[in-house]
There are 2 protein chains.
Amino acid sequence: MKKLAISVGDLNGIGIEIALKAHEEIKQWCEPIYCINEKLLDQAAKRLEIQIPEDFHCYGTKGSFSIKPAKISAKSGKYSYKSFLDAINLAKGKKVEGIVTLPIHKQAWAKAGVSYKGHTDLLRTIFKENAIMMLGCEELFVALYTEHIPLKQVPKAIKIGKLGSFLKDFYKEVQPEKVAVLGLNPHAGDGGVLGEEENKIIKAIQKTNKKLGCDIFDGPFIPDVAFTPSVREKYSYYVAMYHDQGLGPLKALYFDESINVSLNLPIVRTSVDHGTAFDIAYKGKARVESYRNAVKEAVKLCDLSLEKEHRDR
Amino acid sequence: MKKLAISVGDLNGIGIEIALKAHEEIKQWCEPIYCINEKLLDQAAKRLEIQIPEDFHCYGTKGSFSIKPAKISAKSGKYSYKSFLDAINLAKGKKVEGIVTLPIHKQAWAKAGVSYKGHTDLLRTIFKENAIMMLGCEELFVALYTEHIPLKQVPKAIKIGKLGSFLKDFYKEVQPEKVAVLGLNPHAGDGGVLGEEENKIIKAIQKTNKKLGCDIFDGPFIPDVAFTPSVREKYSYYVAMYHDQGLGPLKALYFDESINVSLNLPIVRTSVDHGTAFDIAYKGKARVESYRNAVKEAVKLCDLSLEKEHRDR
């Protein structure tokens with residue numbers, strides 16, 4: 001059974017409720033190790049009126065503070081950061097095979113003086129690798145070629161070489177059978193009338209398929225048609241040129257189920273795709289679908305990475 | 001009962017099948033007048049093996065050619081153009097109260113020497129008005145602030161005055177209770193870190209709400225979150241800053257039901273939101289949902305425009 005470190009996220013939010021509620025289910029697929037100490041776990045469980053399962057193994061991340069549901073706090077921000085660091089270190093030290101993260105609050109990190117914008121930002125710094133962000137669920141995964149940049153910077157970021165490397169890295173990590181690559185412009189440029197970046201996308205696709213020796217990547221697809229049922233029947237992996245092109249349709253269709261995966265890193269990391277949801281913190285209303293899917297995907301990626309290691313030897 | 005002119009679209013495609021199949025249903029809501037002559041109708045009906053309903057009233061658009069299913073042809077393109085012109089003229093001459101268009105084939109128009117890109121382009125030229133394109137269905141309508149322009153031109157097209165006029169015109173036409181206006185950048189700019197165009201959007205919203213005397217327009221919404229179920233519960237009208245931002249999520253959710261509406265014109269015009277579907281032409285497989293919704297919406301807009309006339313007197 002795969003061992004996974006679970007970072008508990010901001011304890012003033014819904015993360016710990018999800019971890020406690022889903023434990024019985026996820027322990028069927030993995031051996032979770034929760035990065036929280038027993039005193040804080042006790043405090044949270046009492047507030048939630050949930051009994052702590054006997055086999056809820058904790059790593060014992062250091063720290064102590066009073067949980068204040070829905071509060072943006074430096075103490076809680078700091079603790080969520082330490083929980084995440086412990087999870088990463090467990091993975092780096094091979095004590096676990098992957099990590100699953102529960103949501104942190106970005107402003108709480110800022111208040112605590114943590115200089116990273118979020119989980120992915122910190123992972124990139126630690127591993128000095130260009131992590132690929134992929135979001136979605138079994139039915140539909142979307143990898144983002146560009147992420148958190150202003151829309152006006154997107155068109156000039158479309159470069160044959162860079163996109164080609166991205167596609168190659170993406171393939172190496174997920175090994176999908178078929179991937180739909182989106183165009184950039186409305187109607188995928190309509191033969192150049194509505195933009196010309198599609199020419200670069202075509203070249204990047206051709207180059208990558210040739211390197212891989214088979215036609216894994218198809219496209220460029222017309223962005224607004226690509227998510228209609230008849231296309232989704234054929235593809236469950238997409239590459240979007242920019243954030244909202246991929247995540248608008250994804251979240252419209254699969255908001256509750258979606259997860260966030262960091263690819264192209266030396267460790268496996270998946271995450272829920274929702275925030276701390278302060279509005280429902282400690283109210284017993286948190287939904288576990290996204291977390292459950294994040295754990296499942298982490299297990300799957302651990303298997304894939306093991307296969308890859310064997311092959312590379 | 002409202003009279004509506006129906007332009008039959010490219011007769012080598014699925015339009016006429018839809019018109020024949022849906023006649024019994026739509027005549028409950030309107031009095032349709034089909035812009036086609038009886039000989040061509042006969043030819044199409046025979047190929048489809050559909051009996052022509054007795055009360056299938058034709059306007060008698062002139063022209064004669066041999067229907068060739070799935071063929072891009074100058075003759076068929078020319079005829080679809082004439083059918084559309086007849087429908088417009090019926091509306092201009094007050095013989096009908098609105099028009100519903102079935103799909104034309106853009107390349108067939110080009111082959112026929114028609115210089116317009118499509119229906120909306122022609123309408124803009126004839127009426128010299130800035131038509132607003134709105135797509136969707138009862139559950140979700142999306143109006144496009146920018147449409148068929150390259151993505152790289154979108155950010156600089158966001159202007160306070162122009163967007164304000166757009167919002168005002170849109171309100172006048174549809175009179176919605178609440179409208180969600182989308183931001184431009186990922187996370188709606190995240191307070192300026194991911195782009196600054198949202199400041200202009202905020203100002204345009206404030207200006208317009210002030211002019212209208214009530215808070216009709218909300219936003220800017222985070223583009224990828226705006227289409228999740230909890231937001232859609234509250235809004236059924238959206239304004240998107242660009243084509244794929246609005247149409248990606250819309251088509252992912254409601255592809256078969258969606259229609260296309262031209263607002264801000266002196267005549268009411270709605271259309272199906274699909275193409276000629278040559279792959280299934282004359283195979284009895286065409287779906288009528290979009291057409292049915294286009295007719296319903298045309299009737300609704302005719303009522304609204306009548307109310308408006310009364311008010312303006």
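The shown structure was predicted, so the numbers you read here are calculated from the model rather than taken from an experiment. Worth knowing before you read on, the calculation uses all heavy atoms, side chains too, and leaves out hydrogens, waters and symmetry mates. Order of the sequence lines sets the chain letters (A, B, ...), proteins ahead of strands, with each chain counted from 1.
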Tabulate, with distances rounded to 0.1 Å, every donor-acceptor pair spanning chain B and chain A at under 3.5 Å.
residue : atom : partner : partner atom : Å
A/H148  : NE2  : B/H187  : NE2          : 3.3
A/L151  : N    : B/N185  : OD1          : 2.7
A/N185  : OD1  : B/L151  : N            : 2.8
A/H187  : NE2  : B/H148  : NE2          : 3.3
A/H187  : NE2  : B/H243  : NE2          : 3.3
A/D224  : OD2  : B/K251  : NZ           : 3.0
A/R232  : NH2  : B/A252  : O            : 3.2
A/H243  : NE2  : B/H187  : NE2          : 3.3
A/K251  : NZ   : B/D224  : OD2          : 3.0
A/A252  : O    : B/R232  : NH2          : 3.2

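Proximity to chain A is limited to the side chain of B/F255, based on heavy atoms less than 4.5 angstrom apart. Heavy atoms closer than 4.5 Å to chain B are found in both the backbone and the side chain of A/P150.
Looking at A/L194 and B/I149, their side chains never come closer than 4.5 Å, going by heavy atoms from C-beta outward.
Between chain B and the residues A/G248, A/G195, A/P229, the largest count of heavy-atom pairs under 4.5 Å involves A/G248.
Taking all atoms of both residues into account, the shortest heavy-atom contact from B/L151 to A/P186 is N-CD, 4.3 Å.
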